[in-house]
Structure formats: C-alpha cells, structure tokens
Amino acid sequence: MSEPTSESLKTSRFTYRHLQGLRHGSTATPLRVIAHIDLDAFYAQCEMVRLGTPRETPLAVRQWDSLIAINYAARPFGITRLINVAEARKLCPDLVLQHVATFREGEGGRWAYRDDSFKNIQTDKVSLDPYRAQSRKILQTMKDTLATWSTNDAEGETSRQTQGVSAGLEKASIDEVFIDLSPVVFKVLVERYSELRTGVQDENRDTQLPMPPTTALQWDTDCLIDLNDSETEEDDPDWDDIVMLIGSEIVRSVRNAVWEKLSYTCSAGLGRNKMIAKLGSACNKPNLQTIVRNRAVQNFLGSYKFTQIRMLGGKLGEQITEVFGTEKVSDLLNVSLEQLRAKLDDHTASWLYGIIRGDDRSEVNPRTQIKSMLSAKSFRPSIRSVDQAEKWLRIFAADIYGRLVEDGVLENRRRPRVITLHHRTSQPQPHSKQTPIPPSSTIDENLLFDLANNLLRQVVAEGQAWPCSNLSLSVGSFQEGVTNNRAIESFLLRGDQAKALSHASRPRDADTPPTEQPTEKRRKLDDEMIKQFFGKPSSPENTGASGPEIPQPPLEAETEVAEIPRYTCPRCSRSILEYEREEHEDWHFAKDLASQDREDARALQPPPPPTTSSIRGSFSRGKGGRGGGGRGKPEKGQMRLAFQ
DNA sequence: CAAGCACCC
DNA sequence: GGGGGTGCTTG
C-alpha cells in the first residue's frame, strides 16, 4: 500500500473549479455523475405486479400472436421476443401469457383486460395505459426519494447553501430515466468531507483539491467495470471515485424505494455522462447497478461496437462502418480527427472523435412531461373504405382524449395545439396530414374525431389512400395552461428587468452581445415580428449567452425591505443580498467556467450530437441524393455552436 | 407551418 | 413487428 509519508502529500487530480462544476451541473466537469435507470422487462413486471405473480414464475406479455416482453424467469427457457405464442408454449408449458389491455370497437374510450382479446385483432386496439400509469408512479417515487437526499440536512450546518438542490430527471422512455446527480452528490460530498468546504478565491480556483482521506471504498453490491490497463485498484481513490460511490448510494436508495413501495426491480448505470451511464445500465441485469469509473472508461468502451452507442445505432453508424471498414470502437480510436474529417462533416467528425473516447457533454434534460401522444393501429388485411377508417378514428380520439384528461386538459393545465393523421398504404413510407387545433375550442373526443375525420377526407381526396395498412392519430405541440402562463409572464418580466439591470450596471460582458436583429428577419412584416416576439420570448442573449445550465444571478424582489443586509459585488458592482452572496459568487464562477468551456470548445471543437446528412462529399444514400456536403458550416453555424 | 426522416424503446 | 416516443431538417 501507500507510504504514509510521500503519499499523504499527494494532491488530487481535481481542482476547486471541477468541484464547483459539480455543484452547478456543468456538463464539462470530470466529477459529473449521471445515472441511467432502466426497469427490468418493464411490461412483464407490470403484469406480474398486477396479477400478483411470484418472481420465479415465467411470464410473457402478449400482443396478438407476438410477445412484447419476457420476464427474467422465462428467459432461461429460450423465450425471446422473436418467437410466437405457440413456440413459447412449446418451450415452456407453464408460461403465463398475459395479453395487453385493449379498447374495443363500440365500447368508448374504456380499455380492459379481456380473455379473448387475442382473437379480436380486427376489432380491438392495444392500450398501453396501464404501463403509462405504472411508469408515472415509479417516476414519482424516484423523484420523492431524490428529494430526501436534497433536503435532508444531516447536521443543519452545511445545508445552508446546499439545500433545495434538485437532481435533473429526464424521462427517456416509458421505462428509462436519466438523472443528473451532480448537484445532490456535491451536497453530500461537502457534508461528508469538511476539507472541501473551505471557500476559495477566484484566482485560486485552479488549485488542486486535497486528496480524499479514504484509501479503500466500500462498493456494496455494485458491479464495477474493470479499470483501464494502465490503472490499478491499489491506487488510492481520487474524488472522481468518491463521487461515483456517493452516486451509487443514492441510486441504490432510489431503486430500493421503487422496490419497497411498488415492487419493481430496475437496473442502473453510473458514469460521467449519459452515454456511459446508458451503456452501463445494460451490463448487469436484472436488478443490479454498474459503475463505470473514469479510470475504467477506456477499457469499458474499447469492448463495444460503436453501433451500440446512442445515436450510432442507425444509418449514421452504418455509414461509418462502411467508410472505415470496422464496427469496433477500438479500431476507430486509431483514426485521427483529420481522417474522420476527411470522410464526415466537421460536426459529426468531432462528435464521433469525442464520443468514442468517452466524451459526451449532452445535458440531462429535466423533462418529465410528455410532448406528444399517438394512437395507432396496423391492419391485416388492409382496410379499404372511409367507413372502416372512421371507426378507428373514433377509438384513437377516445384513447387520446383519455390520456389528455390524465394530463390535465380539463383543468387547462396543458393542451395540444396540433393534431396529425398518419397513414400508410402498401408503400413502406408513411404519409401524414396535420392541422391546428382551434385554440379557443374545448377539447373533447368529438372535437378530436372531427379534426381527424377532416384530415382523413383530405387524404382520401388526394387519392392513394387505399388499401391502408396502418393508421394513427397524434396530438402534440403542447401549450401550458393559463395558470402556468401567468407564472411564465411574470418570469419574463423579471427577465427583462434583469436585462435592463445588467446592461446598466455590468461593466461589459462579452457574453451578452449588443442586441442584434438577424438581418433576414428585418424583412418580415410587422405583425409577423410581433408574433415572433410573443412566440419566441427568449432573445438571443437569453438563450445563447448565459448557457442553459448556468443560473441567473438572484434578482432583487420588489417587495424587499431595507433592513436585509446587502453587499456590493466587486466584480459586477451589483448590490446583492448578503445571504445570497455565496450563490452569486458561484454564479460568477460558473460564468467564468462557461467562457473557459467555450474557449476550449473553439480549440477542440465541441461535441454536439450529430444531425442528418453527416457524410461528407459524394457519399450518398439510396434516395434523395443529398449527401450533406453543401450544408457544411457557414460562419453563423460556428457562432451558434460557440454559444451552445 | 407542414411533412418527412432518423433514432430510440 | 406493432405500438409508442423524441428531435431535427426541409420545402
């Protein structure tokens, strides 16, 4: 082990700047902690819970003649989603086969579990509502548990500035979430390690942190990814190991709460970003969590095909495979950035270069609310009349309306602004028609049905509607209701005041360029400009300049009384409430960090996610023929990039 | 805006 | 493969 004399003098690889990045959820800090939590065979577990089936009982969820979820007890029998019901029964005679709930023609918007649904593919439509309901409960339990970590003060002393931190939670699908644990891990970290509490002056932000006092970490039941070849478990842990340990403790408590309260198991991955966390959660299933420490990232990623990395599972991954003649991350590591740039557009090249080295700065989008709702049905055989189609539109409208009610249409919390009808004929490519939902209308089943029906008439009128093999209805572009609107308006008002204030009192901020109207917009008609103003309330300096993850400096409340102590910030000359001083200083610090990030970005090329048509030059896909060479990178794109 | 495309479970 | 989702680009 370590010699107490020389080793104890060692300092951490990390600085106070890195630590502050953790506090504010900076996407760049190497101390960041992201979790991905994935419910195990989710639909199957929903049915097990609903039916009270023991965990050892093999169970599969059935949709018509297919299996859409298989629990872990059934998997040893060789049952997969690719086989049909008859084959599954043969492999496992005792298999519990539960059909999904369905709507039935003529029974309104009520779904039900029916014994005979599998025989009624012609009249029934699948309902996933039971699973959405469970998903909501699980999400809420996760949030509640995270909240206990955020507000619980162990000692009451250190929590002064760290209380109320919240973990950003992104619902990635019905059975997956990403959590940015950074702020809450920071809170726990400074509570447990008093040596990290010392304030530090601006000019000392890059001072190394002291080494953690610990020499061995207790990882409990976690699964650890092996360290890179160059690393050894005998080395003392640094803070990036400690934050993962704290993160894993938090995630374990979240998973435990979901189990104790709702009887669901889930698996989790922890790492320094979303890509790593996501790959990690799939490593040890079911009911386990996997930690990818920073010192294990190279080893971890080296074993993957890059086509398994998020965003590379589709055509982009396919194209990269063709161009470079390999699917392996380890092979692609030997390709220089210049070589990547020769074959891919700059955007994609630098993103790819970073991502295979474990660099992913994408944010956890703190989003829980649904953005669109879709109700669909495939027809075998195809349908060929308006009459038949209308019956399904009734069911779609009822389905979606029921979900809108759950979402709060009745209380006017949210309402969709657009409705879309998708249809498919024998051609593989589906088509769609959409139309606005009249803003003043009361949304109900009939309204949705009428709008859908109008769209259907349009499709029919254009010909090519029959035979129809697939039909679906969706609503989207949600608008927040009046209650929230008032809150937003007052927020915007405060935002304007903030701007006025900042222009008046801040010396000069390179971050906030003088107001500059995009020239092409000048040509627009006045009323369009007005519409745009109200439609896009965030001005360039609001969206771009301060960066999404950086909190604005606290604003003074209008109702404030004079006796609250204040101080004048030496950096921006603003008068700040004394009790908000620390936060304000942190804000400056975050701003500094952000500009540092941007400088880094200019030098290194930032890693934004790839977009379409990323292959450079004449490489073209089967159809369309637009390789993307033309849309390279005008200067404006660069500017925008720098601000993101 | 409307429509399509890519990617994900 | 069927039933849902998200985000982006293009005309």
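In what follows, chains carry the letters A, B, and so on, assigned in the order in which the sequence lines appear, proteins first and then strands, with residues in each chain numbered from 1. Only this structure's heavy atoms are used, side chains among them; waters, hydrogens and symmetry mates stay out.
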Quiz item: Could you walk me through whether A/Asp360 and A/Arg32 pass the salt bridge (charged side-chain N to carboxylate O under 4.0 Å, His left out) check?
Solution: CA-CA 11 Å; A/Asp360 168 19; A/Arg32 189 150 91 121; 5.6 Å; no
Quiz prompt | Contact list for DNA chain C against residues 36-47 of chain A - heavy-atom distance below 4.0 Å | solution = none
Quiz item: Should A/Arg424 be listed as having a side-chain N or O under 4.0 Å from OP1 or OP2 of C/dG3?
Solution: no
Exercise. Verify the contact: side-chain N or O of A/His431 to OP1 or OP2 of B/dG4, cut-off strictly under 4.0 Å; return yes or no.
Key: yes
Quiz item: So, is A/Gln434 near the phosphate of B/dA2, with a side-chain N or O under 4.0 Å from OP1 or OP2?
Solution: yes
Quiz item: Between B/dA3, B/dC9, C/dG4, which nucleotide gets closest to the side-chain atoms of A/Ser432?
Solution: B/dA3
Practice problem: Could you tell me the separation between the CG atom of A/Asn454 and the P atom of B/dA2, rounded to a whole number of Å? | Solution: 14 Å
Quiz item: Which is true for A/Arg62 with a 4.0 Å heavy-atom rule: it touches a base, it touches only sugar-phosphate, or it touches nothing?
Solution: nothing
Quiz prompt | Pair listing, ring-ring contact (aromatic ring centres under 6.0 Å, His included) test, anchored in residues 456-477 of chain A, at least two apart | solution = none
Quiz item: For A/Tyr131 and A/Gln45, does a side-chain donor sit closer than 3.5 Å to a side-chain acceptor?
Solution: no
Quiz prompt | Closest nucleotide among C/dG5, B/dC9, C/dT6 to the A/Arg367 side chain | solution = C/dT6
Quiz prompt | Test item: side-chain donor near acceptor, A/Asp40 and A/Ser267, under 3.5 Å | solution = yes
Self-check item: Aromatic plane relationship, A/Phe379 with A/Trp392 - under 30° parallel, 30 to 60° tilted, over 60° perpendicular
Solution: tilted
Practice problem: Tell me whether the OP1 or OP2 atom of C/dG1 has a side-chain N or O from A/Trp64 closer than 4.0 Å. | Solution: no
Quiz item: Can you list the residues that meet the side-chain hydrogen bond (donor to acceptor under 3.5 Å, both in side chains) rule with A/Glu406, with sequence neighbours excluded?
Solution: A/Arg136
Quiz item: Does any residue of residues 369-383 of chain A have a heavy atom under 4.0 Å from DNA chain C, and if so, which ones, in number order?
Solution: A/Ile370, A/Lys371, A/Ser372, A/Met373, A/Leu374, A/Ser375, A/Ala376, A/Lys377, A/Ser378
Exercise. Step by step, work out the side-chain hydrogen bond (donor to acceptor under 3.5 Å, both in side chains) result for A/Arg415 and A/Ser441.
Key: CA-CA 11 Å; A/Arg415 70 179 271 146; A/Ser441 59; 3.3 Å; yes
Practice problem: May I have the step-by-step check of salt bridge (charged side-chain N to carboxylate O under 4.0 Å, His left out) for A/Arg414 and A/Asp407, ending in yes or no? | Solution: CA-CA 7 Å; A/Arg414 304 176 83 220; A/Asp407 204 49; 2.6 Å; yes
Exercise. I would like to know whether A/Arg55 and A/Asn71 meet side-chain hydrogen bond (donor to acceptor under 3.5 Å, both in side chains); could you show each step before the answer?
Key: CA-CA 9 Å; A/Arg55 311 213 63 83; A/Asn71 76 357; over 6 Å; no
Quiz item: Any side-chain heavy atom of A/Leu344 within less than 4.5 Å of one from A/Val323?
Solution: no
Exercise. Figure out the NZ/P separation between A/Lys433 and B/dC1, and round it to whole Å.
Key: 17 Å
Exercise. With sequence neighbours excluded, tell me which residues meet side-chain hydrogen bond (donor to acceptor under 3.5 Å, both in side chains) with A/Ser469.
Key: none
Self-check item: Rounded interatomic separation in angstrom, taking NE2 from A/His423 and C1' from C/dG2
Solution: 19 Å
Self-check item: Nucleotide nearest A/Asp175 when distance is taken to its side chain, options B/dA3, B/dG4, B/dC9
Solution: B/dC9
Quiz item: Which residues, if any, of residues 118-126 of chain A bring a heavy atom under 4.0 Å of DNA chain C?
Solution: A/Lys125, A/Val126
Practice problem: Ignoring the backbone of A/Lys315, work out which of C/dG1, C/dG3, B/dC7 is nearest its side chain. | Solution: B/dC7
Exercise. Using a cut-off of strictly less than 4.0 Å, decide whether A/Arg81 has a side-chain nitrogen or oxygen near OP1 or OP2 of B/dC9.
Key: no
Exercise. In whole angstrom, give the distance that lies between atom CD1 of A/Ile309 and atom P of B/dC9.
Key: 13 Å
Self-check item: Separation of B/dA3 C1' from A/Ile419 CD1 (nearest whole Å)
Solution: 16 Å
Exercise. Please state how far atom NZ in A/Lys278 lies from atom P in B/dC8, giving the value in whole angstrom units.
Key: 9 Å
Quiz item: Just one of A/Ile419, A/Leu404, A/Ile400 clears the side chain to side chain contact (heavy atoms under 4.5 Å, CB included) bar with A/Ile443, so which one?
Solution: A/Leu404
Quiz prompt | Below 4.0 Å: OP1/OP2 of B/dC1 and any side-chain N or O of A/Arg417 | solution = no
Quiz item: When the distance from CD1 of A/Ile395 to P of C/dG3 is rounded to whole Å, what number comes out?
Solution: 12 Å
Quiz item: Could you give the CG-to-P distance, from A/Asp345 to C/dT9, as a whole number of Å?
Solution: 11 Å
Quiz item: CZ of A/Arg457: more than 12 outside heavy atoms within 6.0 angstrom?
Solution: yes
Quiz prompt | Earlier contact from the 5' end, DNA chain C, for A/Ile68 and A/Ser173 | solution = A/Ile68
